[in-house]
Amino acid sequence: MTRILYYHQQSNFSRKIRILLAEKKIDCELKEVNLKDKPSEFIKISPIGKVPVFVEEDGTVIWDSTLIAEYLDETYPQTRFYPSHPRERLECRKWEELADHLGDNIINLWLLNLTNNLEVTDYRTKLETSINRLLPIFDQQLAQAQYLLRNDTWTAADIAALCSLGYYSLRLNEDWVLQYPNLGNWFDKLHERESVKSTVPMPLN
């Protein structure tokens with residue numbers, strides 16, 4: 001059986017896995033999912049109805065980007081993106097969770113903006129406040145090191161943050177690059193990698 005990744009081209013969580021697959025040189029069939037009209041084969045294997053979903057050669061099905069990322073790192077360890085030391089791994093997961101939380105807030109803010117609902121001002125303010133609180137935390141961390149955890153190499157935490165910020169640029173604006181220079185320089189540097197350049201989310205026609 002061929003490995004399959006069910007994904008969406010604009011999904012920051014799907015992009016996390018696409019980058020890992022490329023970096024680890026894992027052959028995998030990509031099946032893009034229409035999120036407005038999800039096919040029955042996708043619904044059957046995805047109880048939460050979200051991308052990404054990874055199907056292994058033996059038929060094992062994994063959903064949730066972090067679960068997939070951890071599985072890939074442990075099963076295909078040729079290039080590791082999670083530290084082996086328990087304390088360092090915990091720090092990596094903490095930053096990854098923070099980056100995913102940022103991504104969720106960005107998605108929710110974009111969806112809210114689509115509605116133009118003036119009666120949810122408090123919710124919009126809550127999302128904007130959370131995003132604006134998280135961005136300087138990442139920027140300050142990158143003032144101390146080349147990557148979020150280390151100076152020598154990137155980790156799953158960097159990939160998650162990169163994908164969330166790529167989604168920010170796609171859906172909202174790119175002003176954050178100028179406002180947070182450490183974050184902007186790190187973002188640009190990572191985009192020199194082919195795995196990152198080849199997965200940049202593009203607007204749909």
Side-chain angles (χ1 to χ4, degrees), residues 3 5 7 9-28 30 51-52 54 56 62-106 131 133-170 174 176-202:
R3 298 184 195 92
L5 179 71
Y7 79 108
Q9 189 270 335
Q10 295 179 327
S11 163
N12 51 307
F13 296 110
S14 293
R15 189 184 183 193
K16 282 173 57 176
I17 306 308
R18 292 170 66 203
I19 289 174
L20 284 173
L21 290 171
E23 288 289 329
K24 290 175 174 289
K25 296 179 171 55
I26 300 172
D27 292 331
C28 185
L30 299 178
V51 291
F54 179 74
E56 185 53 282
I62 312 169
W63 55 86
D64 181 83
S65 63
T66 299
L67 292 179
I68 299 170
E70 289 183 320
Y71 169 81
L72 293 176
D73 215 50
E74 292 167 3
T75 307
Y76 304 95
Q78 56 267 44
T79 306
R80 299 304 295 260
F81 286 88
Y82 290 94
S84 57
H85 189 279
R87 184 56 63 91
E88 288 187 357
R89 187 181 182 89
L90 174 62
E91 284 302 306
C92 183
R93 284 290 292 107
K94 285 166 61 179
W95 280 102
E96 183 182 12
E97 179 64 25
L98 205 62
D100 285 347
H101 181 67
L102 173 64
D104 279 331
N105 284 339
I106 293 167
I131 292 169
R133 184 178 68 249
L134 291 174
L135 289 176
I137 293 175
F138 284 98
D139 192 67
Q140 290 162 16
Q141 181 72 1
L142 289 166
Q144 306 172 46
Q146 187 175 356
Y147 302 105
L148 288 174
L149 264 70
R150 303 170 171 173
N151 261 320
D152 60 337
T153 187
W154 63 332
T155 66
D158 293 280
I159 294 176
L162 165 83
C163 294
S164 290
L165 288 166
Y167 194 83
Y168 190 114
S169 294
L170 173 71
E174 297 181 277
W176 63 269
V177 175
L178 298 177
Q179 190 172 357
Y180 302 102
N182 298 315
L183 205 49
N185 291 336
W186 160 90
F187 187 79
D188 290 341
K189 182 69 176 176
L190 287 180
H191 274 79
E192 295 175 6
R193 304 190 69 92
E194 183 57 34
S195 64
V196 176
K197 287 192 295 185
S198 64
T199 56
V200 172
M202 304 297 292

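Computed from heavy atoms alone, side chains included, the values below leave out hydrogens, waters and symmetry copies.
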Report summary line: From the list Arg15, Arg18, Glu23, Lys25, side chain to side chain donor-acceptor pair (under 3.5 Å) with Ser195 holds only for Glu23

Report task. For Asp152 and Gln146, run side chain to side chain contact (heavy atoms under 4.5 Å, CB included): C-alpha distance rounded to whole Å, both residues' side-chain angles, the deciding distance at 0.1 Å, then the answer. Result -> CA-CA 7 Å; Asp152 60 337; Gln146 187 175 356; over 6 Å; no

Query raised in the report: Is there a donor-acceptor pair under 3.5 Å between the side chain of Gln9 and the backbone N or O of Val200?
Result: yes

Query raised in the report: Which pairs count as salt bridge (charged side-chain N to carboxylate O under 4.0 Å, His left out) when at least one residue sits in residues 70-84, sequence neighbours excluded?
Result: Lys24-Asp73, Glu70-Arg89, Glu70-Arg93, Asp73-Arg80, Glu74-Arg89

Query - Partners passing side chain to side chain donor-acceptor pair (under 3.5 Å) against Gln144 (at least two apart in sequence or in another chain) - result: none

Query - Pairs involving residues 157-168, ordered by first then second residue, that meet salt bridge (charged side-chain N to carboxylate O under 4.0 Å, His left out) (sequence neighbours left out) - result: none

Query raised in the report: Does Pro201 offer a backbone N or O that forms a donor-acceptor pair with the side chain of Gln10 under 3.5 Å?
Result: no

Report task. Look up atom CG in Leu183 and atom CG in Leu148, then write down how far apart they are to the nearest 0.5 Å. Result -> 8.0 Å

Requested in this report: Apply side chain to side chain donor-acceptor pair (under 3.5 Å) to Glu88 and list each qualifying residue two or more places apart in sequence or on a separate chain.
Outcome: Arg150

Requested in this report: For Glu56, check side chain to side chain donor-acceptor pair (under 3.5 Å) against everything at least two apart and list the hits.
Outcome: Arg3, Tyr71, Tyr76

Query raised in the report: Considering residues at least two apart in sequence or located in another chain, which fulfil the ring pair (Phe, Tyr, Trp, His ring centres under 6.0 Å) criterion with Phe13?
Result: none

Query raised in the report: Of all residues at least two apart in sequence or in a different chain, which pass the side chain to side chain contact (heavy atoms under 4.5 Å, CB included) check with Ser164?
Result: Asn12, Leu102

**Report entry** Distance in Å, Leu72 CG paired with Thr79 OG1, rounded so as to fall on 0.5 Å steps
**Finding:** 12.0 Å

Report task. Using the test ring pair (Phe, Tyr, Trp, His ring centres under 6.0 Å), find all partners of His101 that sit at least two apart in sequence or belong to another chain. Result -> none

**Report entry** Matching residue for Phe138 among Tyr180, Trp186, Tyr168, Trp95 - test: ring-ring contact (aromatic ring centres under 6.0 Å, His included)
**Finding:** Trp95

Requested in this report: Identify, with sequence neighbours excluded, every residue that meets side chain to side chain donor-acceptor pair (under 3.5 Å) alongside Ser169.
Outcome: Trp176

Report task. Taking all non-hydrogen atoms of both residues into account, name the closest pair between Asn182 and Asp139 and its distance. Result -> N-OD1, 3.0 Å

Report task. Taking ring pair (Phe, Tyr, Trp, His ring centres under 6.0 Å) as the test, write out the residues that go with Trp63, two or more places apart. Result -> none

Requested in this report: Taking side chain to side chain contact (heavy atoms under 4.5 Å, CB included) as the test, write out the residues that go with Glu194, two or more places apart.
Outcome: Lys197, Ser198

Report summary line: Residues pairing under ring pair (Phe, Tyr, Trp, His ring centres under 6.0 Å) where one sits in residues 146-167, two or more places apart or in two chains, turn out to be Phe81-Trp154

**Report entry** OG1 on Thr75 to CD1 on Ile68, rounded to 0.5 Å
**Finding:** 12.0 Å

